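Taking it in order: structure first as C-alpha cells, then the write-up.
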Amino acid sequence: MDFKTVEAKWQNAWAEQKAFEPETDPKRAKFFFTVPYPYVSGSLHVGHGRTYAVGDVFARFKRMQGFNVLWPMAFHITGTPVLAISSKIADGDAATIQLHTDYVSVYESNPARVTQIVQSFGTDPWNVVNYYSGKLVHDFSRMGYSLDLSRQFTTGDAEYNRFVQWQFHTYKGNGFITQAAYPIPYCVRDKNAVGEDDIKDGDSDPVSVQTFVGFKFAYEDGFLVSSTLRPDTVFGITNMFVRPDATYVKASVDGQVLYVSQPFAEKMRLQNHDVKVLSDLKGADLLGKNCTTPLGKTVPILPGAFVEPDHATGLVHSVPAHAPFDLVALNELKKDAKWKSIVEKIEPIPVILAPGYSDVPARDLVERMKIANLKEKGKLDKATAELYKKEFYEGTMLPNAKQFAGMKASDAKEKMTEWLKTKGMAIDIFETSRPAQCRCGGQVIAAVMADQWFLNFNAAGWKEKATRCLSQMEIFPPLYRKQFEDVFAWLDKRPCARRRGLGTRLPFNEEWIVESLSDSTLYMAFYTVVKKIREEKIHAEKLTPAFFDYVFLGKGHADAQAKAVRAEFLYWYPNDQRHTAVAHLTNHLSFFIFAHAGILPPEQWPKAITLNEMVVSEGTKMSKSKGNVVSLNDIAENTGADLFRLYAITTADLGATLDFRAKDVDALRRRLNKLFSIWDEWTVLAKEQETNGKGKAKTVIGKSMTVTTDATPEKPLVRWMQSKFGSIIERSGTAIEKRALRDYAQTAFFEALNAAEHFATRATVEEKRHAARTLLQPWVKILCPLIPHAAEEYWEQSGGRGFASHAPWPTPKSYDGWKDEKTEAAEDFLMSVVSDIRTILPMVKKKPAKMTLIIASAQKRRQYADILKAETADQITGDSFMENFVRKRFYELKHAIAVDETAILTQSRAYLQTAFGVPFDIVEEDATDNPRKEKALPGKPAVYVE
RNA sequence: GGAGGGGUAGCAAAGCUUGGCCAAAUGUGCAGCGUUCAGGGCGCUGUCCCUUUGUGGGUUCGUGGGUUCAAAUCCCACCCCCUCCACCA
C-alpha cells in the first residue's frame, strides 16, 4: 500500500466533505479543543508535528465518543519576525533569501516562480503571511490533523484587531494596565526599539538590558557616578578608578552636576534624563584627587586602564576585598612609583563572608587561580562570576556593613540599594549586556521608555482569580501544576505593547502595538464567533467594544446579529482542553489563564491543559545551525503521516522527550506493515462466504459488517482472541481518558498486533474468518485516532459506512461477554508448555523423533493443592520435587487458574506437531509407566523426548 | 539559589503510583538457523555469568544503608547527569 496515495485520498475526502467543520448543535454535547496557532515565519518541524499529533488523538477520540468536536486553527503573525523576513529580503540579505528560497522550493518546482515568490516577500510582509499560511495549512493537512480550517484568521486581520482591542479595553476597565518607565535595547540611528532580529548576531548571542546601580561620589561641585552590579559591597569601597585617556564630561543631569563618561552622557538622554553637557575633561584630570563615597568616606581617585569608557558610566569604584579585578589593579599600581605611596595605604575591607572563603575572598581566588595581572581577563571574569554567585546566594554581611551586618547578601543587596536611593546617593543605570550593533549599522544602547504599558498581574483580585481558575483545572501531566503555581506567585508586571511590528494597536494609545504574547491569550473565544461574524457579514467597524461586551459578557443590549454571534460563543465555550508543548508553560499558558480569569465569568474558564515535551533528532537538540531540523513536510513526504503519528505517540510518554530516530522509525514501519498485512487478510476473509455449508453469512445491507448467522463454532482460540480484544478495546479507551496516550497506543497497536500474530500461527481459516468478522472493525476504530488514513482505508474496504473518523467508539456493550479468563489461562498454559519444551530440547542433545507430554495424576493434584494452602512460601518445609518447585513460585502459583490440561493439549496436538515437527503423545501419569512421569506437576506436564 | 526531571543489560528505552507471574517488555546492535535465500526483506532462535540427558544455580536495575517472608519497585543518606527561571516568539 502506497501511503502517499492513501493519505492524500482521505485528506481530500475529509476536506471535500468538511468532515471536521462542526456546526452548533444544541442536541449534542460539544467539546472545544485548542492547540496554539503556529507562527507564520517559515517551516513547521517535527516538534509541531508531535504536539498536533497528540492533540489530534484527543480530538479524534472525543469525536468518536460522540462529542461535537471543534478544533480550529489560525495564524500568529504579530511582532517583528515577519517584518524582519520582508525587510531582509528587500535589503538583499543573502542568507535570508537562501533560506526562503530553500523553503519555497519545497512547494514550487519552477525556479523562476520560486524567485518570484521570494522577491514578493520583500515588497510586502503580507506576502510572507499569505504564502506561508497557505503552506502551513497544507503541511498540517498532510499529517491528517482533524482541524476545522474554516475558521482561519491571522492576528493581523481587522476583525481580530478589534477583538484584541476589546480585550485591552476590558483590561483597562478592570484596572489591569499600568504605565511606567522601562529599559529596552534601542538603536540610536533608527531611533527605535530593537529586538533580536534587528541586532547583528542577535539570534546567536542575544542582547538584554542590565540594570546597574549608579553610586554618587561627591567631587568638587558635583558627583562622580560609578556603576556597579554589586551595591551590597558599598561598605567595602576603598577608591575610585578612572581611565586616564578617556573623555569624561561634567553635565547637568536633571538639575544636578554629574561626572560620567562622554558616551554615557549621551545614553543618559535616552534613559529618561534631562542632560546638558557643561564641559569636557580627561580622566587624567581627575587623578590624584579625592572623592567621597555615598557613605561619606573620602577615597582617592586612581588610574584604571581596565575601565571601559563605553561601558555604563565609565567610572568604577573599587572593592578589593570582593572584586578580583580591583585587587589585581591595586597590586599593579603598587609597582608604580607614582602611586605606590597612596596604594600601599589601601587595605581591603571585608563586608561579606561566604562559606569556603577567607574574609578577603578576592585574594583567595587570585592566588588559587594564579592570576598575575590584568591581562588575564578570562581568569578574572571567571573568578568574578564565581565569587559573585557564591556571595550572593550564600554570603552573610559582616560587621563592616554596619546596620546590615548579619543579613543575607541577597537581601542586603536590595535593602542597601533602596536605602541609598532614598538618600539620593544612588540611581538606576542601564546598559546592554554586550556591545551591540543594529543591522542598520547604528549602535544599540539601553534606552528607557518613559511610558511603557504593562499588564499588572498583581492588580487587585486578578491573581486570586487566576489561582482559583488554575485550581479548578485539570493539568496533565500533573507534575506541572506546581510549576504553574510558582509562575503565578512571582508574575508581576509584563510589558504588553511595543512601538513596532505587526499586530493590534492599543485602543487607548495607538502609537503602541499589542505585544505578541499578550494578543494571544483570549483568542480561543474568537474562534467560536469568527465564522458567524463572517456569515453575518459584520464589518470590522461594527465590532465595537459594546458589541463584544454583549457577545462575550452578555452586557448591554444587542441586535439580532449580536445575539446570533453570542449564541455561538455560548455553545462552544468554555475551552474544554488546551494542548501544547511544555515550553509555553511559563508564559503563554499562564497568560491564557490570567486572561480568562480576568475577563470572563467562572463558567467560561478553561477546563484542562495537557502538555507534551519537546522533540530531539537522533539524540541531539534540533537547531538551524546544526542543520538537523526535520521539517513536517519531510515527514509527510518520506515517513508518512500515519507512521509518524504512531511513532510520536508510542515512542515517548507526553512527559518525556521524543527522540526522532530514522532507524527506529524504520523498525516501526515494519510493524505497521505487519498490521496492514493482517488487516488485508482479514478484510478478504470477512467478505468470504462460509465454506462449511452449515450456515450462511448474511450481509446486512447498510450495516457496516457482515454478521454471521450460523452457530459460531465455539473454538477456544476464537474465544481467546475475543477475550484479548475485549480487554484491549476497553483499556484503549480508558487509557486515552486518563491521558495515557502511550499506553493507549501500546495496547491498541502492539498488544493487539501481538495477539493477532499469535492467533495467526495457531488458527484455522475458519477461526480467522470468525475473528475477522467480529474484530476487524472494532480494531480499525480504536486505531483510527492514531492512524486515521489507514483506518479509513480499511474501514471502507471492510464495508464501513461513512468515515471511520465519525464511527462510534466501541461501547462496553459491544464486547460484553468476551472476557474469558479461563480460555486465556488455557492459552497461557499451552505457551508455557511450548516454552518448557524449548528449554529441554537443547539438553537432550539429539534430534527428537517423538515427544510425550505426561499430565500429573489426580493424586498429585490433591497433594499440590494441599501444599498451596500454606500462607507463605516459608511454611513449605519439605524437600520433594513438588515442594521445591512450589516454594519457588508460591505466589505466582497461588493465583493461577486451573485448566483442563488434557483437553487443551489434545486439542492443540496439531499445533504442537507443526511447531516442533514431531508427533506428540498426550498421556496421563496414571496411565503410563514413562520414565519421566514423576516430573509431571499440575500446570506443568513432564516432557519425554524420544 | 529556586523549581522540575532522570541514572535499568552493548546502545536506546519500558517497568517504579498499586512490592511477589521481573533475569526484567520493546526496539536496535550482535550471533545462529531457515526462507525457490545476491543484497535487502521476511520468519524462527539465542544474546549477564555458570551449569546441564531434563525444565537448574549465581549475581544484577547509580552508591551505601533500612523496612519486608519478599525490593528495580517503599523509606533514609550520598554521588552523578539534564531542563527551565520570562518579556524572544
Side-chain angles (χ1 to χ4, degrees), chain A residues 36 38-39 41 76-82 182 184 195-197 202-203 206-209 389-390 392-394 408 410 452 454-455 477-480 482-483 485-487 489-496 498 501 515-518 520 582-588 590-591 613-614 618-619 621 650-653 655-657 659 661 663-668 670-671 673-674 677 742-743 746 750-751 754 757 761 828 832-833 835-846 871-875 884-885 888-896 915 931-932 935 937 940-945:
Chain A
Y39 203 88
S41 59
H76 198 197
I77 67 164
T78 309
T80 52
V82 170
Y182 186 69
I184 40 138
E196 203 174 278
D197 284 302
D203 43 349
V207 174
S208 57
V209 173
K389 199 173 168 188
K390 192 83 182 173
F392 180 75
Y393 290 118
E394 296 175 51
K408 281 167 65 186
S410 51
Q452 173 71 50
F454 289 88
L455 282 180
L479 69 97
Y480 291 114
K482 173 104 176 72
Q483 208 156 326
E485 287 167 356
D486 291 350
V487 170
W490 54 284
L491 269 176
D492 182 22
K493 292 188 180 64
R494 180 193 163 82
C496 63
R498 306 245 185 273
E515 174 272 336
S516 67
L517 286 182
S518 305
S520 306
V582 175
H584 295 134
L585 192 152
T586 56
N587 42 53
H588 168 74
S590 296
F591 305 153
E613 266 291 353
M614 60 190 304
E618 306 293 342
K621 212 169 176 171
T650 55
T651 307
D653 269 325
T657 301
D659 193 354
R661 287 168 181 259
K663 208 158 199 172
D664 292 352
V665 173
D666 279 341
L668 190 61
R670 293 196 286 270
R671 291 306 284 160
N673 286 339
K674 184 73 201 180
S677 74
R742 185 170 190 272
D743 286 350
Q746 293 275 347
F750 286 107
E751 208 176 304
N754 289 343
E757 281 188 299
T761 61
D828 289 346
S832 79
V833 172
S835 151
D836 281 350
I837 298 172
R838 287 224 166 91
T839 314
I840 290 160
L841 272 181
M843 298 188 199
V844 301
K845 288 185 176 150
K846 65 175 178 189
E871 295 279 320
T872 68
D874 282 14
Q875 291 173 5
N884 283 327
F885 177 81
K888 190 156 156 51
R889 292 151 219 237
F890 182 71
Y891 297 95
E892 136 193 16
L893 294 173
K894 214 170 159 69
H895 302 292
R932 298 224 56 85
K935 293 286 179 187
L937 291 175
K940 209 162 179 65
V943 181
Y944 181 64
V945 183

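All chains are named by letter (A, B, ...) in the order of the sequence lines, taking the proteins before the strands, and each is independently numbered beginning at 1. Small disclaimer: the values here were computed from a predicted structure and weren't measured.
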Can you measure [X] atom [atom1] to [N] atom [atom2] for me and round it to whole angstrom units?
X	N	atom1	atom2	result
A/His76	B/rC88	NE2	C1'	12 Å
A/Phe454	B/rA86	CZ	C1'	13 Å
A/Tyr944	B/rU53	OH	P	16 Å
A/Glu515	B/rA89	CD	P	6 Å
A/His584	B/rC87	NE2	P	15 Å
A/Glu757	B/rC44	CD	C1'	12 Å
A/Leu479	B/rC82	CG	P	20 Å
A/Gln483	B/rG5	CD	P	9 Å

Taking all heavy atoms of [X] and all of [Y], pick out the closest pair and write down the distance.
X	Y	result
A/Ile184	A/Val209	C-CG2, 3.6 Å
A/Glu515	A/Thr78	C-CG2, 4.3 Å
A/Glu613	A/Thr657	CB-N, 3.9 Å
A/Thr80	A/Gly501	CG2-CA, 4.2 Å
A/Phe454	A/Pro495	CD2-N, 3.5 Å

Roughly how far apart, to the nearest Å, are [N] and [M] at atom [atom1]?
N	M	atom1	result
B/rG41	B/rG5	C1'	40 Å
B/rA70	B/rG19	P	15 Å
B/rC16	B/rC74	P	9 Å
B/rG6	B/rU17	P	13 Å
B/rU55	B/rG65	C1'	38 Å
B/rC80	B/rG29	P	36 Å
B/rC79	B/rG27	P	39 Å
B/rC87	B/rA13	P	31 Å

Of all the choices, [options], which nucleotide is nearest to the side chain of [X] once you look at every atom?
X	options	value
A/Pro81	B/rA89, B/rC87, B/rG4	B/rA89
A/Tyr39	B/rC84, B/rC87, B/rA89	B/rA89
A/Ala667	B/rC87, B/rG27, B/rA86	B/rG27
A/Lys663	B/rU28, B/rA3, B/rA89	B/rU28
A/Trp490	B/rA86, B/rA89, B/rG5	B/rA86

Would you find a donor on one side and an acceptor on the other, under 3.5 Å apart, between the side chain of A/Arg742 and the backbone of A/Thr650?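 A pair under 3.5 Å: yes.
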
By the 4.0 Å heavy-atom rule, please label [X] as base, sugar-phosphate, or nothing.
X	answer
A/Lys935	base
A/Leu491	base
A/Asn587	base

Can you tell me the base-pairing partner of [N]? Count Watson-Crick or G-U wobble geometry only, both distances below 3.5 Å, and say none if there is no partner.
N	result
B/rU52	none
B/rA86	none
B/rU17	none
B/rG27	B/rC11
B/rU63	B/rA77
B/rG34	B/rC42

Look up atom [atom1] in [X] and atom [atom2] in [Y], then write down how far apart they are to the nearest 0.5 Å.
X	Y	atom1	atom2	value
A/Asp666	A/Arg671	CG	CZ	14.5 Å
A/His588	A/His76	NE2	NE2	9.5 Å
A/Ser590	A/His584	OG	NE2	12.0 Å

Going 5' to 3' through nucleotides 8-13 of chain B and flagging B where a protein heavy-atom sits under 4.0 Å of the base, S where only the sugar-phosphate is that close, and - otherwise, we get ----S-

On the nucleotide B/rA89, are OP1 or OP2 found under 4.0 Å from the side-chain N or O atoms that A/Ser516 carries?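 Yes, such a contact exists.
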
Mapping A/Asp492 and A/Ala942 to their closest nucleotides on RNA chain B, which lands nearer the 5' end?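 Its nearest nucleotide lies further toward 5', so the answer is A/Ala942.
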
Tell me which of A/Gly655 and A/Lys621 sits closer to the 5' end of RNA chain B, going by the nucleotide each one is nearest to.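 Closest to the 5' end, via its nearest nucleotide, is A/Gly655.
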
Could you tell me whether the side chain of A/Val487 reaches within less than 4.5 Å of the side chain of A/Phe591, counting heavy atoms only?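 No, side chains not in contact.
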
